[in-house]
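Numbered from 1 within each chain, the chains take letters A, B, ... in sequence-line order. Computed from a predicted model, the values in this text were never measured in an experiment.
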Number of protein chains: 2
Amino acid sequence: MDKETNHQKRRQRRTTSYDVARVAGVSQSAVSRVFKAGASASAEMRQRVQAAAKKVGYRPNAIARGLITQRSNMVAVVISRMTNLYYPELLMQLTREFSHHGIRVLLFTLEHESEIDSVLEQMLQYQVDGIVTAAMLNREQLALIDEAGIPVALYNRRSRDGLASAVRCDQEEGERWLVTQLVEAAHRRFAIISGPEDSTVSVERTSSAVQKLAELGIQEVTVVGGDYSYQSGRLGFPAIVKQLGGPPDAVIAANDVMAIGCIDAARQEFNLPVPEALSVVGFDGVGPARYAAYNLTTVQQPVERMTQATVAMLLERIKDPQLPPEERIFAGAKVAGGSARLLI
Amino acid sequence: MDKETNHQKRRQRRTTSYDVARVAGVSQSAVSRVFKAGASASAEMRQRVQAAAKKVGYRPNAIARGLITQRSNMVAVVISRMTNLYYPELLMQLTREFSHHGIRVLLFTLEHESEIDSVLEQMLQYQVDGIVTAAMLNREQLALIDEAGIPVALYNRRSRDGLASAVRCDQEEGERWLVTQLVEAAHRRFAIISGPEDSTVSVERTSSAVQKLAELGIQEVTVVGGDYSYQSGRLGFPAIVKQLGGPPDAVIAANDVMAIGCIDAARQEFNLPVPEALSVVGFDGVGPARYAAYNLTTVQQPVERMTQATVAMLLERIKDPQLPPEERIFAGAKVAGGSARLLI
DNA sequence: GCCGCGGTTGAATGCGAATGCCGGCTCGCC
DNA sequence: GGCGAGCCGGCATTCGCATTCAACCGCGGC
């Protein structure tokens, strides 16, 4: 008998629960019951059905099951730009956590926030049981989802109008801490490298920093725009120097990767030692922040706890859609690091 | 009328094509045809149906459609460990590329290769149209998938027995280039930091390097084990020094992240300037490899072209399952960088 | 000995959309 | 004006499984 591989054959009829039923000499309902967790079936029945199923190579069809049960056991995860280096970590943990609960992740990535509408449409068509999004949704979009009765968890976004649950890191508090430390250590000339303008995360971080600086008596702050990338941090520093007519005392970057770019620019292009001549702080606490060459002063998001909270909140609301939205805020871990001269 | 949000209501019946049909005063088939691309329907019909659909907020149910058409329009993507820093990039590009073709990505992540079997079962139950895997599948697993008539594309894995298509980077050639350059630049005492033993990628890279070194007359090579992480590179270097009784001339790391860890250890703990006193090379060409503090000598995988090839190959085989498997191998880009003393 | 109850099993139905087939209508051409 | 060729829309069926309802079996209690 020749071992022809299957991709050479015409695609055959799938084996269904009826096939198993026929082989086992029972009804289709019985097969269904055996493959469903809490259903009543005698031990003998189980045996026969399982034997028959193995014999014919039966595998329940999750699509058909989803159609009848109205549960797809899939959640959509929306992520905007991967440049935020901790997203892979987040993604890994989300899928793992969900899979422990028998739920699969349908992944959607966005290059531009404008794609959201079409992506949203996709998700809804696929009848996902819930949505985790790390991209900003506007009021209409949230209303649309609510309309469909699907629970949403916003990741690192504020909940709007109580239409969705949210998990986020307390960025304001984190930035205030960074700013306070810097000011206490006698830094006076400040500059900020912000993230993309359409990123609420960046806007929050930047404005928190500006506000705290003002509180502490520092009104003049140079702000240059970045896009979360290494390159934009790298270019941001010369831009700052140009605007200020000289180097600042400290640079506050909206994320770690830009902070790293900024440090490289300062050291390499301006011969400014960090932290001796210049303090640079970031935000996120991603992997490279701990590389010895940078050893960033930053605030680390408790990604693991945040993802766990996200998953827990979403699962609760899938089980009981009546539950009201909830917001959970986690404090970030302060990392003194060595990229800024601090008193601590 | 009070604006009660939906999560407070009982989950309502979904609006179906029948609802649209009733409102538009046509049959369900007509509705279906309007929402299907190449179907025949008059302009007036389209109008009426679309108006009615908007009015009742209809959205075709992809699950039901999948059941009847035998196509879920989903592909499974399996990724083993995210520590390989370029995976997020890969993932981003894969989902984007697939979505351009109307296909969604169902994501599966593996912590241990042992989880593959259960994950495989999941994928098959969800009737995915194709599979992209960056984790190793054994013969039985590939046979199982082939049995189900689902095309597979292996990412950076060799195709086995012609059971699956594969896209990969020519790692052997890349390692040979690195080794040749180092030897020509008079390096003699070599050490290698390998990746996890169960990673075929690491095994290939390591053995290619060892082999080429032998060809060039260098038999003695110290090999220490790593796990692709920064920390393991960082710990690998002291381990090498201990085994050798002193620093080597060059370290070949199985990936960039370990190379970075190794450099940090050499500089910080041994006061060895890189590349002056020690050459370190990596592999992958991930983002951090280009940070100025490291500027790695490495081989960069053409991730974009590879993902495009992967998607193209898989789509072809979804369309025509008869197509035989194919293997596409891409050369990596040689990056001279500055972490090794080379003649070029 | 009969009734009823708990536990099983089978037949039938429905989830929501796609599609083969057919009837009816329109339009063109002779 | 008649006839045939297309189009188009509707009817009925199907995908694979879960679930309701009713039938059934065995057993204990009265």
Between [X] and [Y] (side chain of the first, backbone of the second, donor and acceptor by atom type, cut-off under 3.5 Å), is there such a pair?
| X | Y | answer |
| --- | --- | --- |
| Glu121(B) | Asp117(B) | no |
| Ser165(B) | Glu327(B) | no |
| Arg328(A) | Thr310(A) | no |

For a side chain to side chain contact (heavy atoms under 4.5 Å, CB included) check, start with the C-alpha distance between Met123(A) and Leu106(A), then their side-chain angles and the critical distance, and finish with the verdict. CA-CA 8 Å; Met123(A) 303 180 343; Leu106(A) 205 52; over 6 Å; no
Walking along DNA chain D from 5' to 3', note the first and the last nucleotide with an atom under 4.0 Å from a heavy atom of chain B, and give both. dC8(D) to dG16(D)
Would you classify [X] as touching base, sugar-phosphate or nothing, given that sugar-phosphate means primed atoms plus P, OP1 and OP2, and contacts are heavy atoms under 4.0 Å?
| X | result |
| --- | --- |
| Thr16(B) | sugar-phosphate |
| Thr69(B) | sugar-phosphate |
| Phe35(A) | nothing |
| Arg48(B) | nothing |
| Val26(A) | sugar-phosphate |
| Ser29(A) | base |

Which residue, Tyr18(A) or Glu44(A), contacts DNA chain C at a nucleotide closer to its 5' end, judged by nearest heavy atom?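 Upstream on the strand: Glu44(A).
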Test side chain to side chain contact (heavy atoms under 4.5 Å, CB included) on Leu314(A) and Val132(A) and set out the steps. CA-CA 8 Å; Leu314(A) 200 61; Val132(A) 175; 3.6 Å; yes
Along DNA chain C, 5' to 3', what are the outermost nucleotides having an atom less than 4.0 Å from a heavy atom of chain A? dT8(C) to dG16(C)
Just distance, no hydrogens or angles: give the donor-acceptor pairs under 3.5 Å from side chains in residues 22-32 of chain A, sequence neighbours left out.
{"residue": "Arg22(A)", "atom": "NH2", "partner": "Asp19(A)", "partner atom": "OD1", "Å": "2.7"}
{"residue": "Ser27(A)", "atom": "OG", "partner": "Ser29(A)", "partner atom": "N", "Å": "3.4"}
{"residue": "Ser27(A)", "atom": "OG", "partner": "Ser29(A)", "partner atom": "OG", "Å": "3.4"}
{"residue": "Ser27(A)", "atom": "OG", "partner": "Ala30(A)", "partner atom": "N", "Å": "3.3"}
{"residue": "Gln28(A)", "atom": "NE2", "partner": "Ser17(A)", "partner atom": "OG", "Å": "3.4"}

Let's go through Arg104(A) and Tyr126(B) carefully: what are the C-alpha distance in whole Å and the side-chain angles of both, what is the deciding distance for side chain to side chain contact (heavy atoms under 4.5 Å, CB included) to 0.1 Å, and is it a yes or a no? CA-CA 9 Å; Arg104(A) 257 64 50 192; Tyr126(B) 271 84; 3.2 Å; yes
Specify the residue among Gln28(B) and Asn61(A) whose closest nucleotide of DNA chain D lies further upstream toward the 5′ end.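 Closest to the 5' end, via its nearest nucleotide, is Gln28(B).
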Toward the 5' end of DNA chain D, by each residue's nearest nucleotide, Met45(B) or Arg59(A):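 The residue closer to the strand's 5' end, by nearest nucleotide, is Met45(B).
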For a side-chain hydrogen bond (donor to acceptor under 3.5 Å, both in side chains) check, start with the C-alpha distance between Gln70(A) and Arg14(B), then their side-chain angles and the critical distance, and finish with the verdict. CA-CA 10 Å; Gln70(A) 310 272 63; Arg14(B) 312 200 224 227; 2.7 Å; yes
Verdict with reasoning, Phe108(B) to Gln122(B), per side chain to side chain contact (heavy atoms under 4.5 Å, CB included): CA-CA 9 Å; Phe108(B) 295 90; Gln122(B) 300 292 330; 3.8 Å; yes
